[in-house]
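See structure below.
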Amino acid sequence: MDMLHLNSPAEAERWCSEQRDLRKAIGFVPTMGSLHKGHLSLVDRACQENDACCVSIFINPLQFEDPEDFKAYPRDTESDLAQLKAHGCDMVFMGNLNQFFPEVSDGDEIETLPAGHHGAGLEERFRPGHLDGVRTIVERLFRTVGRSRVYFGEKDFQQTLVVSDLAREIGYPEVVVCPTVREDSGLALSSRNVLLDAEEKSQAQLIYPALLAAYDAWSTGERDPEILSAAMIKHLDHDGLMVEYAEVRDPYNWTPQLPVTPLERAQALIAVRIGSVRLIDNLRLDQ
Ligand code: PAF
């Protein structure tokens with residue numbers, strides 16, 4: 001079957017509804033394009049585990065608190081479409097803000113919805129409003145595709161918590177969180193990696209060893225959040241690399257700040273800026 005390319009959420013909603021009428025299970029991968037092997041691993045899984053696979057490509061301005069970052073976000077629709085076709089995607093849809101929010105008149109501001117409990121701290125501290133913007137568009141995407149399985153990468157850990165809350169709230173879809181795909185160096189794949197020059201890339205390659213340092217400390221019995229955090233920061237100490245956060249959280253008992261008591265479970269999370277590029281990554285320590 002040829003891949004269908006639709007240019008509005010309304011057409012996508014119709015297609016998804018037809019698939020369900022045909023008793024087909026839908027797998028959905030929401031993206032902002034500039035696809036890499038991480039996205040494609042989600043598409044492969046969505047195709048394997050469902051009868052029909054669809055992907056959205058929409059660079060959502062509501063989740064960019066910095067207009068320059070929105071402008072600089074990589075775009076490569078032609079290559080995205082070719083890769084999706086090669087990976088067996090059945091339908092890809094795009095759209096614009098007016099189409100996603102038809103009730104908002106031209107020129108009026110779209111009000112974002114609060115990201116909720118899991119939106120507090122970390123990303124919120126450094127990208128205020130970002131996860132509110134994610135929640136707001138993802139709700140529209142969930143309602144467009146309807147009952148389905150939706151695939152997110154674990155690299156955006158706090159995002160996976162926020163969208164899982166949203167899916168519980170509206171009653172669908174089933175959220176499937178998939179492992180982060182890494183380069184051989186350990187660097188997590190990200191659309192933003194193409195913006196790094198060679199020197200910046202070698203700095204970015206310090207992020208995963210920093211997470212592994214926390215993992216090693218945990219493995220030898222360290223449970224103090226401050227000490228686990230310090231173990232990561234030590235590895236990130238390099239000119240040109242600015243640490244926004246390198247902290248741990250109990251993934252089942254989210255706190256906006258660093259927990260103050262010894263942890264029973266821990267997710268280590270890092271955000272850094274290298275030049276104008278912001279990168280995030282994370283690792284579960286207790287598994
Ligand atoms: O992770 C992303 O690419 C985006 O945040 C998402 C989920 C597509 C919403 O715009």
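For ligands, and for the atoms within them, numbers begin at 1 and follow the listed sequence. Predicted model, so just to flag it, every value in this text is computed and none were measured. Numbers here simply count residues along the sequence, with the first being 1.
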Output yes when Glu18 and Arg20 qualify as a salt bridge under the 4.0 Å nitrogen-oxygen rule, no when they do not. no
Is the closest basic N to carboxylate O distance between Lys37 and Glu183 below 4.0 Å? no
Within 4.0 Å of some non-hydrogen atom of Ile137, the atoms of ligand 1 are 9 (C), 10 (O)
Nearest-contact summary for atom 3 (O) of ligand 1 - protein heavy atom, Å: Met32 CG, 3.7 Å
Check ion pair Asp69-Arg278 (N to O, under 4.0 angstrom): no
What I want to check is whether the side chains of Asp286 and Tyr215 have a donor and an acceptor closer together than 3.5 Å. no
Quick one: which ligand 1 atoms are inside 4.0 Å of a heavy atom on Phe152? 7 (C)
Ignoring hydrogens and geometry beyond distance, is a side-chain donor-acceptor pair present between Ser79 and Gln83 at under 3.5 Å? yes
Can you check whether Asn7 reaches Phe93 side chain to side chain, under 4.5 Å on heavy atoms? no
How does Val163 reach ligand 1, if at all, at less than 4.0 Å between non-hydrogen atoms: by side chain, backbone, both, or neither? neither
Specify the protein heavy atom at minimum distance from atom 5 (O) of ligand 1: its residue, its atom name, and the distance to 0.1 Å. Gln159 OE1, 2.7 Å
Atom 4 (C) of ligand 1: the protein heavy-atom neighbour that sits closest, reported with distance to 0.1 Å: Gln63 NE2, 3.7 Å
Short list, please: which atoms of ligand 1 are under 4.0 Å from a heavy atom of Thr31? 8 (C)
